[in-house]
Structures are given as structure tokens and as C-alpha cells.
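Worksheet: one structure, shown below.
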Amino acid sequence: MRTDTTSYTVRLSPDGPWAELDAWGPHGCEDGPSAFDWSRRTHFLTSADAAPAEYLPYGMRPFTGSDLVASRSGRERGVWWEFAGAEETEGSLRLAFTDDVLGLRTVLCYVTVPGTDVVLRWTEHTCTGGEPLRLERFDSAAVNVPAPDGVRLTYLAGQWSQEFQRTQLDLRRGTFTMGSVQGVPGHAYAPWLAVQDRTAPQDGPSPAYGVALEWAGNWHITAEAEPGGAVRVRAGRVPHEGAVLLTPGDTLTTPRLACAFSPDGLDGLASVQHRYGRRLSGERLHRTRKVLYNSWEATGFDVDAAGQLDLAKAAADMGVELFVVDDGWFTGRTDDTGGLGDWYPDPKAFPEGFETFVAEVRALGLDFGLWVEPEAVSPGSRLHSEHPEWVYRIDDRPARLVRNQLLLDLGREDVQDFVVGTLDRLLTTYDISYLKWDMNRPPTERGRPGAGPADRTDLDAAHVTGYLRVLDHLRTAHPHVTVEGCAGGGGRVDHATLARTDVVWPSDNTAPLDRLRIQFGFLHAHAPHVMSSWVTDAPGVFDPRPRSLAFRFVTAMCGVLGIGADLRAWNPEQRAEAARWIARYKEVRDVIHHGEAHLLGTPDDATCGVQYDAQDGTRAVVAAFSTGRLDGAPLVPGRAARLRLRGLDPAARYHAPHTGAAYTGVHLLHYGLPFTWTARHDAELVELVRQ
Ligand code: DGJ
């Protein structure tokens, strides 16, 4: 398989009926003996255990970790398959394996993504016999990385309000695993992993391999140091009930795993992921992401027409383009204990009617957006009293509340129809062009009374399918509506969600230095055009470390700019400064959203930044930050801090229109762009125009 600049070469093993990796890297790396070759004769192991296998079932690979565990009900586990043929077309490959005793056909599927260095992999399992099959594990794929000296794993870990923290560990022996059983990808780990040689430089070129799973439910990614000096990474979804039943004639298709390679380290790998992320957005990539105002941090649940209009007027005066009313606009929602499920505007909050309120916002020249949490229901709501059976529950067991709410079983078709009907009603009754879809509680008592034996249901997949069905409906039935994905911050950020939304909310934490770190991690895996970010008030609810208003703006401008501060309290100087930043953002957002992004340094450095290069090479934009480490200012008074830029033409000259400065490309690449920080001047946005 050939991508833009890489080859991914698979062969049938000389040792048995399975496929294994021959080479993965820059074009031509497959010419020569495979880096995975060794005798594989090792005492106590089978050769399958030692192979860089693309996919092997338990049975054939008994000891070192298998990708498929299948059995007939009540019988021994294990698959012993034969190779049943390959189908190859331009950019795609299908390898079939069959086990006639079990009645199973498995097809390993590969597709290259044009314009990227991504190979998509997934697996199709068909029950070909007369008896159902029980699948306990059915990973999407396994990828192998040669690592005689061990690997460095980079992953994005955290918790609510601290999502996407870039975390690294060296794996020389043993197993590393991460995942979620929370019914969403979760705050704890992003379904993304990068693998490099353990000795690779932190900054600069070195082979980097990455995987990302396209699944909005339970998942795992596991890396294992293998005999023979390779690391094998397996990834897939995790059935909530412990296994799924595949009935005769049925096919189970696993989620796709995006497998990416770059010779240019984590920065290069991020560029590959961004290019793929832009393809996931499809034609919606070209929709202008408008500067939004969101009312959540300013008003919380205390929403009424007068207060919202005050905010909307202030926002419009600054150049904001879209006004979003967050939680608190509907009946019964005075705090987080009630209202969810009864999606009607509160007449007490909007005495002139919600239509009038929306028209007043629009009259300010703003688009209008609304927050919803369609899967949620408050126990005291009318919806819950009418449909208690729509909530996940287990008979005779307590129903726990998380954030005082319950979760609808979105795997049920009647629940999906209710959600579709509710959203259709809101989007057609009111002039809404933006929807924020939130989700604030994981499924806890995950049962569906009356659904039959627990091992016949696959509630995790059913919920994900329902969620994606509704998102798909929004895209086709309301194509003008921009959709923001959110789950209590960044709890549901995955390729399946990103393919069906326009932006996602990475975290509830908008404190400037915390946010910088969250965004730095986020940008390793996902593109800037999907990264929603707000400027909020100092000191904020999370982190009192002082940073300037400029720092807050430049941070939020690294993705899709929004404002979440209580503008009613801002003085004229703050409002004027905000207006200047918004105007500058509008000048450069096409480069930020469509350019090639480079991460310059890390938030652990005194100075770090993000560089965005226009695809045609005519402009670059650099967002630079003084993080305050040491003192943030130059160590020697008068000497500037510098950020070495990447990817520019060394022979060209670049001019910064806002400062009048001019540099050669080679200067910016060799010495870097200079910044003179002070305690109050801690961020800059520099536009460079090629002359
Ligand atoms: C969690 C979200 O992440 C916030 O932005 C906000 O919408 C609240 N929920 C509202 O309840």
C-alpha cells in the first residue's frame, strides 16, 4: 500500500497462515530484508507468538496477546484459520481467513487515504456456520514497530478539566494499556497513541508511528513489548457485556483505526493527523468557523432574556459573529437537578417568547446558537415520568445519579426518534444556526430491561450507533447548522465524532496556562479547525496564575476563537482590546484553520508557540507565549527569547505587517523569531508575509 510518502507492506508469513508486517515507513523502505525478520525459534513460544502479525486470533497465538477471541457458546475458545485469498485494488487490500470448524470468516481491510500518510485498517467478522459465535475480543487491527531498544509511548491522558495532557513513558518490557468503559472515549485517555524509538530526540526528525481509533464508545489501545524486539499495538472497541454474539449470517465490522507515519517526529506526526482531520471534516472544512460568544461562564443557570441580550450587545460591538445560549434556557432548569429532557424554553426567562429573543439577538447581526444535552434526563422531568423505560437500568438495582441526572438508552430506536424529533422541532421553530451537543454523565447501570439475555445485547455499540445516527441526521436535515461536540469538556473527542461535528470542546478548563497545556496535547492528535477555545475572565474558576488578556486571546486564537467572559463587567479598554484581537483573528483564521501547524517547544519551556503555514507558502502565523517559567523574560536583560520556526523557505524574506519587522527565512529557521517579554507582555501573534 502506498500513501503520499509512505509504504505499508504486508506479506503472508513464511511460518503459517497469517499476514504480517514487512515494512512501514518512507517510500522504498520495503526494499531490503524486513526489519522484523529473525528466526522466531524461541523456546516455549510458537512462531505465531513471535510474529509481527497484522491480526491473529487466540488459538493460533496462544501466549503473547491476540486480536480476536471467539468461540461457539459453551465450547472452548480459539480460532485456527486458513488463508482464503486476497483482493487488491488501487489503494485497498482485503485479506480473508476462514475457520470452517468454528464457522467464521475474517477479512482484514486496508484503505489508504489520498492526500495523507494514513492507512485505515479495520476487520470484518462473519458467522458462516449454523451456530452463533461469541466474540470476547475483536480488535480493529494490530500494528508493529521495530524497537530493539524499547519504545517511547506518547499518549494524551488526564481527567475532567485536565484533558489531553501529553504524557510519555518508555516501554522496554511489558504491557501498557489505556481505554475507557464509560460509554464515551472519556477524559482519562484520548483514543490516540504515538510510538517512537526510545532514544528518539524529543524535538526534531525521527520515525514516529501513530494510531487513532474511530469509536465514540468503550475502547482500548494496548502496546506490548514482544520477543524479537518489536512493539505490537492492538486497538479496538470493548464490548460492555464482556462479549457480543454474532448470529449465523451476520457480519460484525470493527471501527477503523487510522495508522499514520511521519519521519519528522511528533510534530510531523501531528501534521499527518491534521491532514487526515481535515479530510474527516469533508466539505464542512470550508465553512467559516465564526467567532462565538457562549454565556455559560458568565451566567451559569441564571439565564434570562435581559441578561443574555446585554451580553449579546457587548459581544456584537466587539465583532463577535455568533451568540450561543448554554445550559439553563429551558423549563425546570434553575440548577443542575432538573429540566433535562423537557426541551422547551422557560417562559419565565423569556417573557416575550423565545422567538422574539432570538430575533433580537439576530437583529444585532449575530447568528444564534443553543446548548442541548439530548441523551440526558432529570429524574423529576416530564419526560422521565412519561418514559421511565427509556433510561438505562437494571431491574431490582438502584439507579445512581451522576450530576443529578440519568442517561437515556440512545441505542433504542424510539429514544433516537425522540431526540431527532426534539432537535428538528427546536431547529425549525427557532432561527438556530449552531448547536452545542453536550453529554455529562456516563452510563452506570447499563441494562435494558426486557431486552433478553445480557449476552445478546451490545449496548455500547447500540448507543454509539444511535448517537452517530442523530448526528448524521443533523448534517443532512439541517446542513446550515454548525455542530459543536462536547461531553463535560473533552470526554467525547474521537474520529467518529469529528467526522460528524464542526468543532469540539476540548475542556471546561479555560484558565490560560492550563488551557495552553490542554491545547498543546490536543494539537498532537487533532487539527486546529476543530479546537474550540474561549477567552474567559481572570482569575477564572480553575487556575489563578495571572496572564494578560492578550495571552487569553492568543491562546484561544490557536483554534476556533470564542469568548466566555462576563462582558458586562469589562471596562472600555478591555472591550477595545478585545475588538482589536477579534479583528486580527479574522485576518488570519484561514491560515490557522487550513494551514500546516507546527508545535514550537512545549508549555514546559519559558517560551513556546504554534506556527501555522498557509498551504501556498505566502503567509505564516505564529502564536507565541511566555509561560512564566523561570521568569519568562530573557535571562540576560535585553536579549530576546526566540522561537525557531519550521518549514519556511530559507531563501525567502518575510515581513511582519503589524510590527514592520522583516527577516530572512534562514534567520527565522536558524536563530528564530525574537520576542521581548515583560511581566505584562506575555503573548504575541505574529503574521509573516512572504515578500
Ligand atoms: C459541561 C460543558 O462542558 C460546559 O461547557 C457547559 O456546557 C456545561 N456542561 C453546562 O451544563
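Both counts, for ligands and for their atoms, begin at 1 and track the order of listing.
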Donor on one side chain, acceptor on other, E375 and H463, under 3.5 Å: yes

Protein heavy-atom partner closest to atom 1 (C) of ligand 1 - residue, atom, separation in Å: D438 OD2, 3.1 Å

Geometric class of the F354/F357 ring pair [parallel <30°, tilted 30-60°, perpendicular >60°]: tilted

Polar atom proximity, C486 to ligand 1 (N or O, under 3.5 Å): no

Any R333 heavy atom less than 4.0 Å from ligand 1: no

Contact atoms of ligand 1, heavy-atom distance to G489 under 4.0 Å: 3 (O)

Heavy-atom donor-acceptor pair, D327 side chain to W371 backbone, under 3.5 Å: no

Option passing side-chain contact (heavy atoms from CB on, under 4.5 Å) with W437 (candidates V504, L474, T501, T497): L474

Identity and distance of the protein heavy atom lying nearest atom 7 (O) of ligand 1: D326 OD1, 2.6 Å

Part of E297 within contact of ligand 1 (heavy atoms, under 4.0 Å): neither

N/O donor-acceptor pair under 3.5 Å between R278 side chain and A527 backbone: no

N or O contact, W296 vs ligand 1, cut-off under 3.5 Å: no

Residues W160 and N509: side-chain donor-acceptor under 3.5 angstrom: no

Heavy atom of the protein closest to atom 3 (O) of ligand 1 (residue, atom name, distance): D508 OD1, 2.4 Å

Those atoms of ligand 1 less than 4.0 Å from some heavy atom in G488: 1 (C), 3 (O)

Backbone N/O of V291 and side chain of E321: donor-acceptor pair under 3.5 Å: yes

Top protein contact for atom 5 (O) of ligand 1, by heavy-atom distance: K436 NZ, 2.8 Å

Atom 11 (O) of ligand 1 - nearest protein heavy atom and its distance: D327 OD2, 2.6 Å

Distance-only donor-acceptor check, side chains H387 and E389, under 3.5 Å: yes

contact_flag E373 ligand 1 heavy-atom lt 4.0 Å: no

Residue part near ligand 1, for N294, under 4.0 Å between non-hydrogen atoms: neither

Aromatic plane relationship, H594 with H286 - under 30° parallel, 30 to 60° tilted, over 60° perpendicular: parallel

